[in-house]
Undergrad: 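Supplied in structure tokens, the structure appears directly below.
Since this is a predicted model, take the numbers as computed values, not measurements.
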Amino acid sequence: MLFKLLALCLFTFLIYIPIAEARIRHYKWEVKYEYKSPDCYKKLVITINGKSPGPTILAQEGDTVIVEVTNKLLLENLAIHWHGIRQIGTPWSDGTEGVTQCPVVPGDTFKYEFKVDRAGTYLYHAHYGMQRESGLYGSIRVSVPDNFTEPFAYDYDRSIILTDWYHKSTYEQATGLSSIPFVWVGEPQSLLIQGKGKFNCSSASLTADTCNTSNPECSPYAIIIIPGKTYRLRVASLTALSALSFQIEAHNMTVVEADGHYVEPFVVKNLFIYSGETYSVLIKADQDPSRNYWMTTNVVGRPPNTTQGLGFLNYYPNHPRRSPPTAPPAGPIWNDTAPRLAQSLAIKAHHDFIVTPPTTSDRAIVFLNTQNRINGYVHWSVNNVSFTLPHTPYLIALKNKLHHVFNQTPPPEGYDSVNYDIYNVSKNPNATTSNAIYRLGFNTTVDIILQNANTMNVNNSETHPWHLHGHDFWVLGYGDGKFDLNKDPKKYNLVNPIMKNTVPLHPYGWTALRFKADNPGAWLFHCHIEAHFYLGMGVVFEEGIDKVGKLPSSIMGCGETRGVGRP
């Protein structure tokens with residue numbers, strides 16, 4: 001009898017062994033304008049709970065994140081996108097105004113709720129107008145499940161976001177972009193490392209009240225490290241315009257993760273990074289510990305009219321504001337595309353974490369990226385169509401069969417590749433606008449070929465970082481020149497392609513992607529350069545809309561849903 005009782009107690013104990021369960025991570029944010037001096041120049045900055053960058057969201061794979069956002073911008077609407085989070089089952093929380101929700105109006109509180117289904121390095125940022133470049137952004141760090149071992153070892157984990165910074169407001173920039181004559185936004189005034197940079201206040205007639213290099217808000221950002229330790233540094237870019245190179249003086253970086261996927265490790269001295277991308281690199285604190293070292297970031301792909309972004313790698317116990325005894329290392333040659341293409345080609349899936357792509361696709365769509373004119377106004381276009389958002393968000397319109405609220409004519413799936421000259425200014429730069437979308441068969445495999453071309457300026461082709469919402473895609477290949485639909489697919493990497501959510505399209509080149517249309521919803525695919533998307537460089541994919549659950553009323557209140565949802 002005693003044996004039976006002991007056995008019963010042991011069985012009961014085993015049943016109640018605590019198992020790690022998914023948790024709810026709850027955040028409450030107030031978003032408002034405040035005067036800040038991130039690069040020593042005082043201007044209005046959008047802050048979250050008083051900070052820019054905003055708070056880092058920390059979660060573990062499988063957790064649910066709830067963010068209650070109160071819009072205190074007074075005169076502006078708001079939407080926040082969770083960049084890299086696929087929103088499986090919650091397409092209404094993607095945070096894309098005009099696509100998945102109506103904007104949050106001043107004074108309202110909106111609740112985003114979603115599951116973080118995969119460990120990795122992600123971002124959040126504004127997705128209304130051009131607000132992102134006003135300071136509304138931050139990091140999402142999702143840790144691996146308990147008892148899971150990553151394919152690399154490190155002692156400490158750190159995150160930084162690289163951005164560029166303009167002194168003009170987004171209103172001034174948008175007005176210039178929407179004017180005749182066209183007024184381009186120009187090059188940024190500064191480059192920021194984790195929200196800190198240094199503008200040369202003496203370069204303009206500015207008073208100390210406006211620009212003060214002794215302001216502690218713009219002291220260089222420092223990462224404190226302990227000699228002998230290995231650090232995982234999560235590096236992300238949310239630039240409005242610039243492609244960047246990031247480097248750490250006297251230290252190599254081993255790339256181990258890209259957009260939440262493990263990479264077959266490779267070593268770089270310069271990490272090329274494009275807006276919307278995230279990487280993890282390993283650095284070893286193995287240099288002379290009696291001094292600090294420079295972290296620098298430089299513009300590439302455009303004439304370097306913006307000074308370097310500077311930060312410190314601070315070897316403990318040196319003072320974190322102690323400048324290195326050397327000059328900051330120069331970045332790579334700004335217009336040399338070869339090393340940038342080489343890095344893109346070097347990024348492969350880690351050999352233990354390969355997700356094999358389907359060997360063939362059901363559909364191939366070619367997107368020609370061009371700069372155009374429409375009624376005298378400058379636009380960016382895809383296949384000669386410049387994208388515009390409807391007044392009623394696509395997700396709501398599609399779910400409720402409101403077919404009249406956007407154009408039902410399918411947009412083009414290619415261009416005249418035989419006759420179009422990608423190396424010269426188009427003889428006919430005119431284009432059209434449309435809010436039509438691409439409807440994808442649910443669970444089908446789709447290939448996207450991004451094709452670059454000359455702009456409306458002679459001998460100029462720009463770098464375009466393209467970001468896909470709601471999915472990761474396999475990066476099948478890159479190439480120079482015009483994509484050949486008959487020959488180039490034979491060169492695709494179907495063995496160990498990396499999966500990403502953001503990818504560069506290099507000047508005068510092509511990039512080939514493949515993804516499964518397996519996430520019900522309406523998803524934006526667009527150039528992550530703020531001014532380019534504002535000027536029409538994007539498309540929307542619809543897939544499995546009949547499988548989307550009941551839409552929350554909180555995403556409504558605009559267009560055909562005016563008066564529905566939020567009061």
Side-chain angles (χ1 to χ4, degrees), residues 81-88 90-91 93-100 114 117-118 120-125 127 132 140 236-238 258-261 273-278 344 347 349 355 357-358 361-367 369 380 382-383 387 389 394-395 411 413 437-452 463-478 497-505 510-530 532-533 536-545:
H81 170 55
W82 316 95
H83 185 112
I85 306 301
R86 291 177 290 179
Q87 301 293 348
I88 297 172
T90 53
S93 280
D94 188 53
T96 313
E97 182 269 333
V99 179
T100 62
F114 52 89
D117 65 295
R118 191 184 59 249
T121 307
Y122 308 106
L123 298 161
Y124 65 82
H125 59 79
H127 219 301
R132 186 182 86 219
I140 303 173
S237 171
L238 278 175
D259 289 3
H261 292 274
I273 186 166
Y274 307 91
S275 182
E277 287 192 312
T278 68
S344 294
I347 302 172
V355 181
S361 66
D362 301 300
R363 186 174 176 183
I365 306 173
V366 181
F367 286 147
N369 291 219
W380 280 93
V382 173
N383 294 341
F387 176 72
L389 287 166
Y394 289 107
L395 184 64
E413 301 205 1
I437 64 174
Y438 293 85
R439 295 175 181 264
L440 308 178
F442 185 68
N443 252 342
T444 59
T445 301
V446 181
D447 281 1
I448 302 295
I449 295 93
L450 298 167
Q451 175 65 63
N452 216 337
T463 302
H464 301 289
W466 278 82
H467 171 58
L468 178 59
H469 294 224
H471 304 78
D472 293 328
F473 46 72
W474 290 277
V475 184
L476 300 184
Y478 300 86
I498 190 64
M499 297 193 79
K500 295 182 94 269
N501 60 63
T502 305
V503 70
L505 174 60
W510 57 264
T511 302
L513 323 172
R514 178 169 292 173
F515 71 97
K516 291 279 288 185
D518 57 1
N519 191 8
W523 306 108
L524 187 63
F525 182 44
H526 64 108
C527 178
H528 216 254
I529 293 174
E530 285 279 64
H532 289 185
F533 177 55
M537 203 170 196
V539 300
V540 164
F541 298 123
E542 174 273 322
E543 61 202 61
I545 201 70

Undergrad: Does a donor on one side chain sit under 3.5 Å from an acceptor on the other, for Thr96 and His469?
TA: yes

Undergrad: May I ask you to decide if Asn443's main-chain N or O and Lys516's side chain share a donor-acceptor pair within less than 3.5 Å?
TA: yes

Undergrad: Do Pro358 and Trp474 come within less than 4.5 Å of each other through their side chains, counting heavy atoms only?
TA: yes

Undergrad: Could you check whether any side-chain N or O of Glu543 sits under 3.5 Å from a backbone N or O of Asn519, counting only pairs where one atom can act as donor and the other as acceptor?
TA: yes

Undergrad: Would you sort out whether Phe367 and Ile449 count as a side chain to side chain contact (heavy atoms under 4.5 Å, CB included), showing the intermediate values?
TA: CA-CA 6 Å; Phe367 286 147; Ile449 295 93; over 6 Å; no

Undergrad: Restricting to side chain to side chain donor-acceptor pair (under 3.5 Å), what partner residues turn up for Thr100, sequence neighbours left out?
TA: none

Undergrad: Going by salt bridge (Lys or Arg N to Asp or Glu O under 4.0 Å), name the residues that satisfy it together with Asp94, two or more places apart in sequence or in a different chain.
TA: none

Undergrad: Are the side chains of Val99 and Leu389 in contact, using a 4.5 Å heavy-atom criterion?
TA: yes

Undergrad: Are the side chain of Trp523 and the backbone of Arg86 linked by a donor-acceptor contact shorter than 3.5 Å?
TA: no

Undergrad: Output yes when a side-chain donor or acceptor of Thr278 lies under 3.5 Å from a complementary backbone atom of Thr121, and no otherwise.
TA: yes

Undergrad: Ignoring hydrogens, what is the shortest heavy-atom contact between Arg118 and Asp259? Give both atom names and the distance.
TA: NH2-O, 4.0 Å

Undergrad: Between the main-chain N or O of Ala522 and the side-chain N or O of Glu542, is there a donor-acceptor pair closer than 3.5 Å?
TA: no

Undergrad: Quick check: closest heavy atoms across Leu524 and Phe533, and the distance to 0.1 Å?
TA: CD2-CZ, 3.7 Å

Undergrad: Are a donor atom and an acceptor atom from the side chains of Asp447 and Ser361 found within less than 3.5 Å of each other?
TA: yes

Undergrad: Might you point out which heavy atoms bring Ala517 and Gly441 nearest each other, and give the distance in Å?
TA: CB-O, 3.7 Å

Undergrad: Starting at OG of Ser344, measure out to OH of Tyr274 and round the result to the nearest 0.5 Å.
TA: 5.0 Å

Undergrad: So, using side chain to side chain donor-acceptor pair (under 3.5 Å) as the criterion, who are the partners of Tyr394 when residues are at least two apart?
TA: none

Undergrad: Side chains of Pro91 and Pro520, heavy atoms from C-beta outward: is any pair under 4.5 Å?
TA: no

Undergrad: On a heavy-atom basis, which atom in Pro465 and which in Ser275 lie closest, and how many Å separate them?
TA: CB-O, 3.5 Å

Undergrad: Measuring only between side-chain heavy atoms, which start at C-beta, is Val539 closer than 4.5 Å to Phe387?
TA: no

Undergrad: Can you list everything that forms a ring pair (Phe, Tyr, Trp, His ring centres under 6.0 Å) with Trp380? Sequence neighbours excluded, please.
TA: His464, His532

Undergrad: Closest heavy-atom contact between Thr90 and Phe114?
TA: OG1-CB, 3.9 Å

Undergrad: Is Thr502 reaching over with its side chain to a backbone N or O of Leu468, donor-acceptor style, under 3.5 angstrom?
TA: no

Undergrad: Is there a donor-acceptor pair closer than 3.5 Å between any side-chain N or O of Asn501 and the backbone N or O of Asp472?
TA: no

Undergrad: Applying ring pair (Phe, Tyr, Trp, His ring centres under 6.0 Å), can you list everything that pairs with Phe515, at least two apart in sequence or on another chain?
TA: His471, Phe541

Undergrad: Go through it in stages, so that I can follow the logic: the residues are Asn369 and Gln451, the test is side chain to side chain contact (heavy atoms under 4.5 Å, CB included), and I'd like the CA-CA distance, side-chain angles, deciding distance and then a yes or no.
TA: CA-CA 6 Å; Asn369 291 219; Gln451 175 65 63; 5.7 Å; no

Undergrad: Test Phe525 against Trp466 for ring pair (Phe, Tyr, Trp, His ring centres under 6.0 Å), laying out the working first.
TA: CA-CA 7 Å; Phe525 182 44; Trp466 278 82; 4.8 Å; yes

Undergrad: Applying ring pair (Phe, Tyr, Trp, His ring centres under 6.0 Å), name anything that partners Tyr124, two or more places apart in sequence or on another chain.
TA: Trp29, Trp82

Undergrad: Ignoring hydrogens, what is the shortest heavy-atom contact between His528 and Arg132? Give both atom names and the distance.
TA: O-NH2, 2.9 Å

Undergrad: With a 4.5 Å limit on heavy-atom distance, are the side chains of Pro504 and Tyr478 in contact?
TA: yes

Undergrad: Please work out whether the ring planes of His467 and His83 are parallel, tilted or perpendicular, with thresholds of 30° and 60°.
TA: parallel

